[in-house]
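Here is the structure we will look at.
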Amino acid sequence: MGEYIGLDVSMKDTAISVRRDGKRVWRGKCASDPEAIARTVRKHAREPERVIFETGPLSVWFYHALQAEGLPAICVDARHAKAALDMAANKTDANDADGLAHLAEVGLYREVRVKGFDSMLARTLVAARTKLVRIKTEISNQIRGLMKTFGLVVPAGKGSTFDANVCAKLNESSDLAGIILPLLEAWRAVRARAAELTQRLIGEARQSEACQLLMSIPGVGVVTATAFATAVEDPANFRTSRSVGAWLGLTTRRYQSGQVDYNGHISRRGDHQVRNLLYEAACVILTRSSAESTLRDWGLKLRERIGFKRAAVAVARKLSVVMHAMLKSGELFDKTAGAPA
């Protein structure tokens with residue numbers, strides 16, 4: 001029998017527990033560095049069978065680095081592990097490592113698919129660009145709000161139009177200009193950096209067959225296509241297309257006990273970034289897109305029955321199914337796709 005190792009990872013130190021033949025044979029701590037952890041594990045475990053740790057900020061790095069060190073690293077869902085770890089009388093890092101090692105030994109865990117570095121780079125690009133766009137919007141709104149206090153209402157407009165309108169209004173108040181201009185300069189800098197990341201994102205999407213395929217759907221742009229393709233990675237990761245909606249948290253919760261059986265709100269588990277982008281795409285399909293499709297017709301009928309928000313969530317779930325099916329088949333969007341069975 002080999003050894004089963006549990007790692008409770010924190011930013012500074014990692015608690016390690018080693019079990020063999022149903023007993024703990026060693027536990028301790030080392031720096032939260034994959035190389036240091038690998039050295040410590042090899043020192044106290046001659047034949048490691050499983051090295052388990054929970055999902056967290058360092059999980060992608062740890063998984064790939066430990067795999068490169070030749071260790072059988074396994075990343076498990078923190079929510080599922082929590083149920084077992086809460087059985088300990090005292091909540092400590094050492095006890096959590098013991099609990100994870102025990103889960104590794106008995107096999108009661110759910111392994112999480114860890115994304116590759118290429119996918120994470122693309123997702124980081126999407127996240128960074130989104131953050132800069134939000135900051136740009138917040139600064140422009142702050143400028144508008146501050147100037148309104150002094151009776152300087154900036155006309156509607158974006159980009160260079162907004163810049164020119166603000167400068168024209170500031171000519172009327174030199175005292176206020178000394179306060180607003182630094183904000184305006186920050187807005188210009190953020191806008192320029194956001195534009196650079198947007199161009200990079202567009203360039204990478206043009207080189208991606210998966211993104212080009214998904215962008216054939218009306219309402220799905222570069223950001224949504226990139227986020228979805230990098231989240232799914234390989235369509236074979238899902239046995240059926242219908243399971244993608246549940247994976248993204250777009251299916252309803254269910255509670256059943258005795259005579260009680262009802263469905264609740266959507267679970268909202270999984271990738272919140274992709275879920276939000278799919279919801280936005282669904283809203284575009286229902287409101288702004290003029291391209292007719294069975295999916296849009298179905299969503300509009302649903303909106304009349306259950307309201308806009310619930311219909312948009314349903315269309316987002318259906319959209320995730322269609323997008324996965326397209327990645328799996330390699331076919332462009334068919335306007336008759338998405339019809340309910």
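The structure displayed is predicted, hence computed values, not measured ones. Positions are given from 1 along the sequence.
A donor atom on one side chain and an acceptor atom on the other are not found under 3.5 Å apart for Asp13 and Ser32. Arg253 and Ser267 are not linked by any side-chain donor-acceptor pair at a separation below 3.5 angstrom, with hydrogens and angles left out of the test.
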Stepwise side chain to side chain donor-acceptor pair (under 3.5 Å) test for Asp163 and Ser160 | CA-CA 5 Å; Asp163 193 343; Ser160 58; over 6 Å; no
Decide yes or no on side-chain contact (heavy atoms from CB on, under 4.5 Å) for Glu280 and Thr224, but give the supporting numbers first.
-> CA-CA 9 Å; Glu280 291 179 7; Thr224 304; 5.8 Å; no
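Under a 3.5 Å cut-off, the side chain of Arg46 and the backbone N or O of Gly2 do not form any donor-acceptor pair. Here the side chain of Thr226 pairs no donor or acceptor atom with the backbone of Val223 at under 3.5 angstrom. Between the side chain of Glu3 and the backbone N or O of Glu49 there is no donor-acceptor pair closer than 3.5 Å. With Arg50 contributing its side chain and Tyr4 its backbone, the two residues share no donor-acceptor pair below 3.5 Å. Using a distance-only test at 3.5 Å, with no hydrogens or angles considered, a donor-acceptor pair links the side chain of Asp271 to the main chain of Val274. Looking at Asn90, its side chain never comes within 3.5 Å of a backbone N or O of Thr92 through a donor-acceptor pair. In this structure, Ser257 contributes its side chain and Val260 its backbone to no donor-acceptor pair below 3.5 Å. A donor-acceptor pair under 3.5 Å is formed between the side chain of Ser59 and the backbone N or O of Gly56. The backbone N or O of Ala78 lies less than 3.5 Å from a partner atom in the side chain of Thr55, making a donor-acceptor pair. The main-chain N or O of Leu170 is never found under 3.5 Å from a side-chain atom of Ser173 such that the two would form a donor-acceptor pair.
A salt bridge links Asp77 and Arg79; the closest N-O separation between the charged side-chain nitrogens and carboxylate oxygens is under 4.0 Å. Under 4.0 Å is where a charged nitrogen must lie from a carboxylate oxygen, and between Arg42 and Glu69 at least one such pair does. Of the charged side-chain nitrogens involved, at least one lies within less than 4.0 Å of a carboxylate oxygen, so that Arg200 and Glu204 count as a salt-bridged pair. Taking 4.0 Å as the cut-off between side-chain N and carboxylate O, Arg113 and Glu233 count as a salt-bridged pair.
Within the 4.5 Å cutoff, side-chain heavy atoms of Gln212 are placed close to those of Arg206. Looking at Lys82 and Leu85, their side chains never come closer than 4.5 Å, going by heavy atoms from C-beta outward.
The line from CG of Leu100 to CZ of Arg19 is 11.5 Å long, rounded to the nearest 0.5 Å. Considering CG of Leu132 and CZ of Arg193, their distance stands at 9.0 Å, rounded to 0.5 Å.
By the rule that hydrophobic residues join a cluster once side-chain heavy atoms approach within less than 4.5 Å of another member, Val112 and Phe117 end up as members of separate clusters.
A cation-pi arrangement is present between Lys318 and Trp298, with the terminal nitrogen or guanidinium carbon under 6.0 Å from the aromatic centre and inside a 45° cone about the axis.
Sparse packing is recorded around CD of Glu209, with 12 or fewer heavy atoms of other residues, nucleotides or ligands lying under 6.0 Å away.
Ile5 and Ala45 get closest at one heavy-atom pair: CD1-CB, 4.1 Å.
Ring centroids of Phe238 and His324 are separated by less than 6.0 Å, placing the two rings close together.
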